[in-house]
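A short write-up of the structure that comes next.
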2 protein chains.
Amino acid sequence: MTQTVDRALVILASLAEGPASLEQAANRIGVHKSTAMRLLRTLEEHGFVHRQPDYRYRLGGRLFSLAQLALESIDVRVVAAPHLAALNERCGHTVHLAVHEDGEVTYVDKLESRYPVRMYSRIGKRAPLTASAVGKVLLADLPEARRREVAEALEYPAYTARSIRTPEALLEELAQVREQGWAVDRSEYEETVNCVAVPIRGIDGRVIAACSISTPTVVAPVGTLRRLIPDLLDTAAAVSLEYGGGRG
Amino acid sequence: MTQTVDRALVILASLAEGPASLEQAANRIGVHKSTAMRLLRTLEEHGFVHRQPDYRYRLGGRLFSLAQLALESIDVRVVAAPHLAALNERCGHTVHLAVHEDGEVTYVDKLESRYPVRMYSRIGKRAPLTASAVGKVLLADLPEARRREVAEALEYPAYTARSIRTPEALLEELAQVREQGWAVDRSEYEETVNCVAVPIRGIDGRVIAACSISTPTVVAPVGTLRRLIPDLLDTAAAVSLEYGGGRG
DNA sequence: CTCCCCGTTGCGCCCAGTGCAACGGCTCTC
DNA sequence: GAGAGCCGTTGCACTGGGCGCAACGGGGAG
């Protein structure tokens, strides 16, 4: 679109192949060296390229700080919304989007079931990490040490007869979740609700959110819910991909 | 320097504060929204910004791939050279710059001692990881698991009477190196040579190279060498800082 | 000392980037 | 349901700024 910016970005990308002198850089994008110099100077002023003592240019530290900030500033909800809507359209059940926040699960988005019997929840509602499918998915991705630390610190109330009651049991289940790539909640929080969840991953591969389908036990037994996992996984994959900007 | 590129980079940096609509972005840098749009489009074509489903712009995945590539393409030698020269000027001893390569240490730069009795070495020379101060520094930064793995795989020849002979002894010493931030070699490779080394860190904090001062034992005992450590640490810090592009 | 290489700078041309204004799809309101 | 307002998009004419050229200068090699 705009020629100048276009050239500047091409020259920046070309530096990814390795440091270059002024003339090399100019040749790479086919412009006069004076033009390349002005572009590189501007990039340098902003820290996107760095000048080595031998006068060659290389990629600069600003790229790192920006990449770091980008990870934090991205809003998952917006990216996920249409995909969740499509999933909800297909299966008709309650769909949730949740993130890990202060030792609890927070539901940041929700689409209502089309079935007459619905489970209660709302956006902003919080749930225990120990007794929800989304909680397990979010915990399972933590590094081994941190996972153990969190598991030890959590409380394990008996929400139902099936609730997980010990750190050991939780860690064992998390290992399984890591392996199979999805988690299930069989009436572990509310007696009448089952749930399956899958991870949504950020650009760096880390889990940033979890996406789930929840159903009252009277509407769908766990077996029925399991058959929805492929669709759920596809949805999460689509969100992860788009969230990554297609590149990365 | 060039107005267009300058504006594009400012708009890019402003997105680090969070996603923005077209008008917000235009206001942030004080240009007409049509101008901002052209800039953002160009940035988008190159993947530096990404458009969310709600039409807002956020930082794009290209930043991550570039940041990744930058880590690999940076040439430590060029950045370190003047600092090493200054260090050599001050202390008069042999100064080395070394990196970890294929299970050995490779000296990538060297400045000669001003003393008549000199140790032998040259750029490109390789040395064992187990019996050199630079080797210990480079090993000490590896993650725990990888460190143990490498330690197990290495050989432990008796270069001298003081050479480290077992993985256990090496790992114990590496723990100390991690703690104190520098490593020493007391005639462990060559009977007549002592050496102290410190790490040079990349933008991500990982050790990318090691810098050392080596002396024949007849010129300086270990005690004398230890007094040079602060200067050595300052030198390494200066290199690390410049290597990071001043930002990051 | 001269030559050569490469980064730097001043200059004039003209193209490309800019701001304006009109368009259109969308949502909210009455 | 019509109107209003918001915001992204597009076509256009102007001119400012980006462009290539050519000359300068410093450092290294022969």
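So that the names make sense, note that chain A is the first sequence line, chain B the second, and so on, each numbered from 1.
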Query raised in the report: Can you tell me if the side-chain N/O atoms of B:R41 get under 4.0 Å from OP1 or OP2 in D:dT10?
Result: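 So the side chain of B:R41 is within the cut-off, an N or O lying under 4.0 Å from OP1 or OP2 of D:dT10.
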
Query raised in the report: Does D:dG18 have OP1 or OP2 sitting under 4.0 Å from an N or O in the side chain of B:T4?
Result: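 Yes, within the criterion.
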
Could you check whether any side-chain heavy atom of [X] comes within less than 4.5 Å of a side-chain heavy atom of [Y], counting everything from C-beta outward?
X     : Y      : value
B:H50 : A:E242 : yes
A:L63 : B:L63  : yes
B:Q52 : B:R58  : yes

Report task. Could you please name the option among D:dC12, D:dG18, D:dG8 that lies closest to any side-chain atom of B:Q3? Result ->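 Out of D:dC12, D:dG18, D:dG8, the nucleotide with an atom closest to B:Q3's side chain is D:dG18.
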
Query raised in the report: When you match A:L22 and B:R7 each to their closest nucleotide on DNA chain C, which lands nearer the 5' end?
Result: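 It is A:L22 whose nearest nucleotide is closer to the 5' end.
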
**Report entry** Upstream residue (5' side of DNA chain C) when A:V5 and A:S21 are each assigned their closest nucleotide
**Finding:**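 Result of the comparison: A:S21.
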
Report task. Decide whether A:R126 and A:T106 meet the rule of one side-chain donor and one side-chain acceptor closer than 3.5 Å. Result ->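 On atom types as modelled, these side chains qualify, holding a pair under 3.5 Å.
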
If we ignore hydrogens and angles and just use 3.5 Å, is the side chain of [X] paired with the main-chain N or O of [Y] as donor and acceptor?
X      : Y     : result
A:H46  : A:F48 : no
B:T35  : B:V31 : no
B:D109 : B:R77 : no

Query raised in the report: Are A:R90 and A:D231 close enough for a salt bridge, meaning some N to O gap below 4.0 Å?
Result: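 Counted as a salt bridge, because a side-chain N and a carboxylate O are separated by less than 4.0 Å.
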
**Report entry** B:R28: side chain to side chain contact (heavy atoms under 4.5 Å, CB included) partners, not counting sequence neighbours
**Finding:**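 Partners of B:R28 by the side chain to side chain contact (heavy atoms under 4.5 Å, CB included) criterion, ordered by chain and then number, come out as B:S14, B:L15, B:E17, B:A20.
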
Report task. Using five base pairs at each end, measure the axis-to-axis angle across the helix from C:dC1-D:dG30 to C:dC30-D:dG1 and round it to 10 degrees. Result ->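 End axes: 40° apart.
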
Rounded interatomic separation in angstrom, taking [atom1] from [X] and [atom2] from [N]:
X     : N      : atom1 : atom2 : answer
B:H32 : D:dA13 : NE2   : P     : 17 Å
B:L40 : D:dT10 : CG    : C1'   : 16 Å
A:L39 : D:dG17 : CG    : P     : 16 Å

Query raised in the report: Which part of the nucleic acid, if any, lies within reach of A:R56 when heavy atoms closer than 4.0 Å are counted: base, sugar-phosphate only, or nothing?
Result: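 Nothing, no heavy atom under 4.0 Å.
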
Query - Terminal contacting nucleotides, 5' and 3', DNA chain C versus chain A (heavy atom, 4.0 Å) - result: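 On DNA chain C, the outermost contacted nucleotides are C:dC6 to C:dG17.
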
Report task. Assign each of A:S34 and B:Y55 to its nearest nucleotide of DNA chain D by heavy atoms, then name whichever residue's nucleotide is nearer the 5' end. Result ->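 It is B:Y55 whose nearest nucleotide is closer to the 5' end.
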
